*Asks:* 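Submitted below is the structure of interest, expressed as structure tokens.
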Amino acid sequence: MTTKFGKGCHLHLIDGSAFIFRAYHALPPLTRKSDGLPVGAVSGFVNMLQRYVEGNTGPDAATHVAVIFDKGSHTFRNDLYDQYKANREAMPEDLRPQIPLTRTATKAFNIACEEIEGFEADDIIATLSHQARDAGGRVTIVSSDKDLMQLVGDGVEMLDPMKNKRIDRDGVAEKFGVGPDRVVDVQALAGDSVDNVPGAPGIGIKTAALLINEYGDLESLLDRAGEIKQPKRRQTLIDHRAQIELSKTLVQLDCAMDLPFGLDDLEIRDADPDVLMGFLAEMEFRTVTKRIAEKLGVAPPVIEAAPVAEVAAPEAVPFDPEKYECVADAAALDVWITRIRERGYVAIDTETTGLNEMIADLVGISLCVEPGQACYIPLTHKAASSDDLFGSDDIAAGQMDFETCLAMLKPVLQDPAILKIGQNMKYDAKIFARLDIAVAPIDDTMLMSYAMNAGLHNHGMDTLSDRYLAHTPIPIKPLLGTGKSAITFDRVPIEKAVAYAAEDADITLRLWQQFKPQLHVKRVTTVYETLERPLVPVLAQMERHGIKVDRDTLSRMSNAFAQKMAGLEAELHEMAERPFNVQSPAQVGEIMFDQMGFEGGKKTKTGQWSTPADVLEDLATEHDFPARVLDYRQLQKLKSTYTDALQEHINAETGRVHTSYSIAGANTGRLASTDPNLQNIPIRTEEGRRIREAFVAEPGKVIVALDYSQIELRILAHIAGIDALKQAFLDGIDIHAMTASEMFDVPLDEMTPEVRRQAKAINFGVIYGISGFGLARNLRIPRGEAQGFIDRYFERFPGIRKYMDDTVGFAKEHGYVQTLFGRKINTPEINAKGPHAGFAKRAAINAPIQGTAADVIRRAMVRMPAAIDTLPAKMLLQVHDELIFEVEAAAVDDLIGIARDVMENASDPAVKLDVKLAVDAGQGANWAEAH
DNA sequence: ACGCTCACG
DNA sequence: GACGTACGTGAGCGTA
């Protein structure tokens with residue numbers, strides 16, 4: 001039956017991984033009806049195989065064929081160079097389970113399916129094509145991967161399955177400028193950003209081909225590099241010789257592997273209809289099964305209209321607090337752990353003594369594996385006491401031992417094969433981290449909702465349960481009380497706690513079941529998996545670390561402010577000729593506009609006089625009173641919000657301040673910082689800026705701050721495609737001065753600060769969705785003049801107007817806008833009538849810019865811990881476009897180098913920005929010096 | 001609880 | 001033609 005492979009034979013080698021990824025990205029995220037298994041990529045893969053089989057006729061038909069796959073992520077190339085393919089984004093989670101199914105599919109078609117641990121598919125393909133060529137046969141490599149082009153020639157060709165185009169020697173020469181035998185030389189020089197092959201900096205394929213053609217081959221070129229005329233190019237090749245040689249070994253395919261099979265094993269075989277139909281039926285593919293059955297001339301198998309799983313639809317199981325179990329001993333917990341291990345996932349929630357996860361203690365844990373079936377494990381509830389209003393300090397009966405419980409749960413919480421599902425998992429993960437338990441892997445329903453529904457509503461459990469489960473959760477208020485008489489959760493009677501706490505886990509699981517498949521439908525899986533979820537452990541770590549704040553510095557400042565304020569207050573009372581509360585805008589307005597008779601006062605919608613800073617500033621040019629009020633207000637702000645309140649936030653144990661970041665707070669993707677907010681520490685005035693002196697490094701360490709320079713304007717230049725802006729960033733020109741020069745026809749070297757200031761205001765205005773009124777108010781110029789500026793700006797940069805119009809149009813059509821990384825920000829008000837409309841439009845214009853910048857720094861933050869792993873450095877804070885680190889003095893330069901690199905390249909490889917990102921760095925003993 | 005004001009990017 | 005208007009946040013205070 002088998003014929004010896006040789007002359008007249010034609011071997012087809014199919015690049016299986018390329019098929020899989022193309023199938024995955026080409027198809028919507030289908031799931032198998034009966035159990036929700038993701039099968040979109042498998043379906044696409046099967047279709048491609050079938051189309052291949054159907055098309056395998058005529059003069060180029062194969063006699064032998066194999067589909068070759070990659071196996072394992074670590075290959076001999078990683079041993080040579082640990083950064084090899086390090087840029088690769090992680091495999092999407094819904095693709096992973098489909099990988100083995102593509103092997104099964106290949107075998108079901110009765111096509112040889114080959115993979116070898118530690119080797120890339122490319123190496124196997126190289127080895128097989130050499131063997132086939134040496135035996136005198138023809139080879140067609142079905143792939144469009146340029147890394148395989150080195151194999152072309154002597155009867156070996158490639159076939160791009162998308163374009164159905166054959167690539168021979170000429171095709172390779174067209175692509176690389178050299179013949180197939182010199183392709184690796186060109187690749188070694190040009191490098192490859194996709195595979196992270198370094199190559200020679202500044203040399204691309206064009207230059208590389210030029211050099212190789214001139215010197216013959218890479219070795220001669222490197223030996224004779226000194227002869228190159230261009231000084232920069234010459235130096236690059238001399239300096240990077242080792243790196244270039246390494247690159248060559250990385251791109252050179254191994255064509256002499258020992259293979260545990262031979263060419264003869266790859267002879268084409270007909271599929272066994274039973275096996276193939278069986279597989280297709282199991283996958284529940286209806287259309288393709290029917291088509292293949294027709295081709296094979298067999299009856300298609302009956303695919304049952306799926307019985308909708310044992311997992312009931314969310315609304316099918318009513319919420320019933322009676323059903324929740326109280327777990328009070330190891331035996332009962334063991335039953336739950338077994339159920340969790342069977343499932344592979346668990347919804348979890350912790351109850352604690354407070355909301356501050358740096359201080360709060362664990363009180364109990366709830367678990368849920370199936371809607372309606374949840375338990376609560378009380379651990380440290382206090383016993384009730386009849387004679388004492390506040391209860392006793394004795395531990396209540398009917399609880400399992402704290403340590404025993406944690407010892408049992410720890411392996412589950414840390415098991416990489418068990419998914420832990422939570423609502424706002426950062427909170428629970430921090431509680432567990434303090435107990436030395438690293439919870440992973442996780443899913444977070446709050447973040448899922450945020451990825452899908454940002455802009456529509458908030459993402460708290462109450463909101464989500466109401467909206468998506470039509471169920472109002474048991475409120476916590478009646479359990480804890482309010483105000484002074486409020487109690488902590490450990491004082492809640494256990495039976496009440498069970499009903500409340502277990503329900504939270506139940507709700508979380510039901511939300512997860514609903515949200516998980518929706519992520520695909522809404523096309524935000526990647527956003528969730530790369531921008532939301534991975535931030536949880538990163539932020540948890542930063543928050544737990546905190547930043548050292550020097551109490552004495554704050555305290556001294558506070559006293560100084562208090563003295564000055566007392567003086568100002570006396571002065572103001574004298575001017576008003578009566579005592580009044582300077583902190584009351586209503587009273588200040590009364591004195592100025594009623595008593596003193598100042599002109600130009602406006603009232604707020606509540607009817608009281610409005611006294612914001614800009615109004616007072618205008619009045620201050622004529623009068624002392626508003627000037628003193630402004631002085632007083634500034635001091636009051638600094639004292640109450642910063643020097644006083646910050647001291648309250650210094651953790652007694654750590655001596656540091658631990659903010660909490662909300663990941664799903666801001667609609668645009670920005671983080672928000674609370675308790676305390678460390679994203680609004682003063683800097684704009686000298687007096688306020690000194691508060692940053694209180695944020696200090698430990699002895700021997702240094703505070704380092706790195707911030708993106710003009711990131712939003714750079715992103716605007718990219719998104720709106722403004723060449724003049726791009727060029728200015730490329731040339732490193734002062735961007736506001738450039739704008740001013742363009743608009744007002746002033747040469748750069750004659751620029752005055754005043755003109756530049758106006759242009760700067762316009763640049764920012766554009767980002768915010770400019771209006772003549774807003775700009776006029778900001779610049780304190782007549783509205784007509786402001787409108788003139790704007791008109792002129794749009795004349796000079798017509799792309800900006802187009803971006804604004806297009807963005808609003810997109811929002812009106814789709815109800816959302818998007819960042820470059822796919823984050824969606826819903827814009828439900830965009831079609832509203834009336835004054836709302838203006839707000840919604842400007843928000844829609846701003847969101848993609850602000851949001852893209854937020855995505856960029858999120859990506860940098862996700863990569864940062866691994867990047868600075870080897871340094872004695874910690875990332876402490878994020879302030880929208882800035883990251884703050886604490887690092888041992890000796891490692892400052894290393895940290896700046898690495899962190900800057902991560903930040904500047906954060907958009908790679910997902911988005912290629914036309915404008916480079918630039919990062920400024922500062923360092924010092926405290927935050928004021930570092931900035 | 002809400003409005004006003006003001007700190008930041 | 002009039003309406004209001006820069007985008008995104010959080011915190012502290014006064015006032016109801």
Side-chain angles (χ1 to χ4, degrees), chain A residues 454-455 482 580-589 603-617 629-630 632-646 648-649 659-662 665-685 687-689 691-692 707-713 716 761-779 783 786-787 790 804 817 825 833-851 853-854 857 877-882 931:
Chain A
T482 54
F580 70 100
N581 187 350
V582 188
Q583 298 190 61
S584 163
Q587 294 181 36
V588 167
K603 293 202 170 174
T604 66
K605 60 183 166 190
T606 53
Q608 63 170 326
W609 288 109
S610 168
T611 64
D614 56 346
V615 170
L616 266 53
E617 275 162 27
V629 172
L630 283 169
Y632 183 93
R633 277 190 185 170
Q634 194 202 355
L635 296 173
Q636 159 66 22
K637 180 78 177 180
L638 295 177
K639 183 171 186 296
S640 68
T641 309
Y642 300 104
T643 55
D644 288 351
L646 266 177
E648 305 296 311
H649 283 283
T659 184
S660 178
Y661 290 99
S662 60
N667 287 338
T668 53
R670 273 196 179 178
L671 301 179
S673 161
T674 64
D675 308 304
N677 182 354
L678 295 186
Q679 291 181 322
N680 70 346
I681 303 301
I683 191 167
R684 292 174 187 171
T685 66
E687 218 160 16
R689 184 193 178 92
I691 288 171
R692 295 187 175 219
D707 68 295
Y708 283 108
S709 164
Q710 308 284 11
I711 187 169
E712 292 195 350
L713 278 174
L716 175 70
I762 298 168
N763 276 333
F764 278 106
V766 164
I767 291 173
Y768 298 150
I770 200 159
S771 78
F773 186 93
L775 183 65
R777 203 179 55 170
N778 190 283
L779 286 176
R783 191 170 160 177
Q787 192 55 54
I790 293 170
M804 295 172 89
V817 292
I825 297 107
K833 295 274 175 284
H836 278 326
F839 280 112
K841 270 189 192 176
R842 291 192 297 272
I845 289 166
N846 174 258
I849 304 168
Q850 187 180 118
I857 198 166
L877 301 175
Q878 187 250 43
V879 190
H880 308 309
D881 64 356
E882 174 186 10
H931 210 281

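Worth saying up front: this structure is predicted, and the values here are computed from it rather than measured. Lettering of chains follows the sequences in order, A, B, ..., and the numbering in each one begins at 1. Values below: all heavy atoms of this structure, side chains included; hydrogens, waters and symmetry mates excluded.
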*Asks:* Can you find a side chain N or O atom of A/R777 that sits less than 4.0 Å from OP1 or OP2 on C/dT5?
*Replies:*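 No, A/R777 has no side-chain N/O under 4.0 Å of OP1/OP2 on C/dT5.
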*Asks:* Would you say A/Q587's side chain and A/V582's backbone share a donor-acceptor pair under 3.5 angstrom?
*Replies:*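 Flag not set: sc A/Q587 to bb A/V582 has no pair under 3.5 Å.
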*Asks:* Going 5' to 3' through nucleotides 2-9 of chain B, assign each nucleotide B (protein heavy atom under 4.0 Å from a base atom), S (under 4.0 Å only from sugar-phosphate atoms) or - (no protein heavy atom that close).
*Replies:* -SSSBBBB
*Asks:* In whole Å, what separates the P atom of B/dG3 from that of C/dT5?
*Replies:* 15 Å
*Asks:* Paired with C/dT5 by Watson-Crick or G-U wobble geometry, both distances under 3.5 Å: which nucleotide is it?
*Replies:* none
*Asks:* So, taking the atom named CD1 in A/I691 and the one named CD1 in A/I683, what distance separates them when rounded to the nearest 0.5 Å?
*Replies:*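 It comes to 11.5 Å.
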*Asks:* Main chain of A/P676, side chain of A/T659: is a donor-acceptor contact present, judged purely on distance under 3.5 Å?
*Replies:*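 Here the side-chain-to-backbone pair exists.
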*Asks:* How is A/G765 classified with respect to the nucleic acid when contacts are heavy atoms under 4.0 Å: base, sugar-phosphate, or nothing?
*Replies:* base
*Asks:* Can a side chain N or O of A/Q587 be found less than 4.0 Å away from OP1 or OP2 on C/dT15?
*Replies:* yes
*Asks:* Expressed as a whole number of angstroms, how long is the span from A/K841:NZ to C/dG4:P?
*Replies:*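 Atom NZ in A/K841 sits about 16 Å away from atom P in C/dG4.
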*Asks:* Please report, rounded to the nearest Å, how far the C1' atom of C/dA11 is from the CG atom of A/L678.
*Replies:* 12 Å
*Asks:* Hey, are the side chains of A/Y768 and A/I849 touching, using non-hydrogen atoms and a 4.5 Å cut-off?
*Replies:* no
*Asks:* Given atom CG of A/L635 and atom C1' of C/dG12, what is their separation to the nearest angstrom?
*Replies:*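 These atoms are roughly 15 Å apart.
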*Asks:* What does A/A844 touch in the nucleic acid at a heavy-atom separation under 4.0 angstrom: a base, only the sugar-phosphate, or nothing?
*Replies:* nothing
*Asks:* Once you round it to whole Å, what is the distance between P of C/dA11 and CG of A/D644?
*Replies:*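 My rounded result for the distance is 16 Å.
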*Asks:* Expressed in whole Å, how much space separates the P atoms belonging to B/dT5 and C/dA6?
*Replies:* 13 Å
*Asks:* Picking from C/dT5, C/dC13, C/dG8, which would you name as closest to the side chain of A/S771?
*Replies:* C/dT5
*Asks:* Could you tell me if the side chain of A/Q583 sits less than 4.5 Å from the side chain of A/Y632, heavy atoms only?
*Replies:*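 A/Y632 reaches A/Q583 side chain to side chain.
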*Asks:* For A/N667, report the nucleic acid contact type (base, sugar-phosphate, nothing); a contact means any heavy atom under 4.0 Å.
*Replies:*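 If one applies the 4.0 Å heavy-atom cut-off, A/N667 turns out to touch the sugar-phosphate alone, with no base involved.
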*Asks:* Classify the nucleic acid contact of A/A645 as base, sugar-phosphate or nothing, counting any heavy atom under 4.0 Å across all strands shown.
*Replies:* sugar-phosphate
*Asks:* Round to a whole Å and report the spacing from CG of A/L775 to C1' of C/dC7.
*Replies:*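 Value for this atom pair: 14 Å.
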*Asks:* Quickly work out the A/L713 CG to C/dA6 C1' distance and round it to whole Å.
*Replies:* 15 Å
*Asks:* What is the base-pairing partner of C/dG14, counting Watson-Crick and G-U wobble geometry with both distances under 3.5 Å?
*Replies:* B/dC2
*Asks:* For salt bridge (Lys or Arg N to Asp or Glu O under 4.0 Å), just list the numbers for A/R670 and A/E712, CA-CA rounded to whole Å, side-chain angles, deciding distance to a tenth of an Å, and then say yes or no.
*Replies:* CA-CA 13 Å; A/R670 273 196 179 178; A/E712 292 195 350; 3.6 Å; yes
*Asks:* Using the side-chain heavy atoms of A/S584, tell me which of these nucleotides is nearest: C/dC13, C/dG14, C/dG10.
*Replies:* C/dG14
*Asks:* Given C/dG10, C/dT5, C/dC7, which nucleotide is nearest the side-chain atoms of A/R783?
*Replies:* C/dT5
*Asks:* If you take all heavy atoms of A/N667 and A/A454, which pair is closest and at what distance?
*Replies:*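 It is O-CB, 3.8 Å.
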*Asks:* Rounded to the Å, how far apart are A/I770 CD1 and C/dC7 P?
*Replies:*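 So the two atoms are 12 Å apart, to the nearest Å.
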*Asks:* A/I845 and A/V766: which non-hydrogen atoms are nearest, and at how many Å?
*Replies:*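 Closest approach of A/I845 to A/V766, heavy atoms only: CG2-O, 4.2 Å.
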